[in-house]
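This report refers to the structure that appears directly beneath it.
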Amino acid sequence: MQKSIERIAGDSQGVSYEFPVFRFEGTDKAAPSAYLQAALHAGELPGVVAIDALMPMLEKAEAEGRIKGSITVVPQANPIGRAQYHFGEHQGRFHLGTRTNFNRGFPLLAAPDVELLPDTTLGTADQRLKTRLLQLSIGHDIVLDLHCDDDGLAYLYVHASLWPAMADCAAAMGVDAVILWDEDTDGTFEGASITPYLNLPAEVARFDRRVATTVEYRGILDVDGALAGADAEGLYRLLVARGVVQDQALSTPGSFIGLVAPLENIDMMPAPRAGAVLYKVKPGDHVAEGALLATIVHAPGEAGGRTQLFAPQAGIILTRRSRRIIRAGEDLLKLVGDRKSADARSGTLED
Ligand SMILES: [Zn+2]
């Protein structure tokens with residue numbers, strides 16, 4: 001395993017950022033290669049600790065000559081976001097300098113060719129970081145971007161072209177749900193990882209062996225040793241199932257038994273009022289149409305000071321807010337139903 005340090009110059013004099021990259025060399029050129037990164041949204045740490053638990057497993061496999069495909073690991077992909085504190089609160093989702101989401105604005109290339117990327121010396125620091133991350137990841141057969149939600153189940157975003165071919169990965173990782181999407185106009189990292197292949201002939205795109213996914217490892221507070229160990233084993237099982245790592249002691253994953261739904265089936269449930277949220281449901285709950293989801297206390301102690309929200313359709317609660325203060329119009333939760341949401345915003349990748 002080789003460790004190298006990537007450096008991103010800051011936008012002002014005297015500032016620069018760095019992050020380590022770990023590379024395992026594969027012994028079989030024909031084996032699929034993998035790229036894993038975590039904490040692109042810099043405060044989302046479940047994937048960071050999962051990688052921390054995964055690394056000794058990969059080092060053991062390397063010592064035993066079982067790494068077949070090359071593996072590149074970036075445990076903390078966003079040193080810019082990691083350093084952003086605003087009045088004591090960490091801000092890892094948006095770049096404060098440009099107000100841009102760190103998981104938007106990646107170049108959507110027409111082909112998987114790093115030569116098509118912008119010059120890595122141009123643009124603001126966050127843009128240069130994005131270009132560099134794509135440079136590191138493009139060309140790998142398997143690209144995993146580890147995130148987490150606010151409070152939620154473990155689930156994957158997967159482009160429709162990769163499903164059901166990626167069902168073995170979802171089963172190997174042991175996630176609860178898979179959300180399928182088909183168009184990314186905002187340039188998420190996942191979108192930038194799969195879009196270059198969409199217009200290639202099937203025999204070149206190789207969707208049968210390609211993996212690109214945003215992994216949502218539950219909630220922001222689910223940074224936990226036992227979960228990290230289980231998630232590391234899930235990542236390892238995926239790498240073994242896809243032939244990147246050899247491990248005869250592991251059996252092939254069974255079929256995926258979790259929820260699979262298109263993005264358009266998600267109801268985001270915007271809050272009609274500002275106030276304090278009393279949730280009636282939590283991630284994983286099954287709800288019937290018309291079931292009470294949450295009560296917003298907007299005028300405490302007054303008659304009519306509470307507003308209730310009901311399920312627009314039957315489904316499963318995928319996520320909810322970790323905080324209980326809400327503004328009018330902010331999304332209260334994600335409900336995955338059996339049919340298309342009436343919410344006009346559904347259909348866009350929401351990580
Ligand atoms: Zn995220």
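Keep in mind that the numbers below use all heavy atoms, side chains included, and drop hydrogens, waters and symmetry copies. Nothing here was measured: the structure is a model prediction, and the numbers come from that model. Whatever order the structure lists them in is the order used to number ligands and atoms, beginning at 1.
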Among D149, D267, D150, find the residue that satisfies the side chain to side chain donor-acceptor pair (under 3.5 Å) test when tested with K334.
D149
Closer than 2.8 Å to the Zn ion (ligand 1): does that hold for any N, O or S atom in H147?
yes
Looking at residues at least two apart in the chain, or sitting in another chain, which of them share a side-chain hydrogen bond (donor to acceptor under 3.5 Å, both in side chains) with E330?
R327
Side-chain donor-acceptor pair under 3.5 Å between E190 and S193, yes or no?
no
Could you tell me which N, O or S atom of H41 is nearest to the Zn ion (ligand 1)?
ND1
Can you confirm whether the side chains of T98 and D126 place a donor and an acceptor under 3.5 Å from each other?
yes
Would you say the Zn ion (ligand 1) has E44 as a near neighbour, meaning an N/O/S atom of that residue under 2.8 Å away?
yes
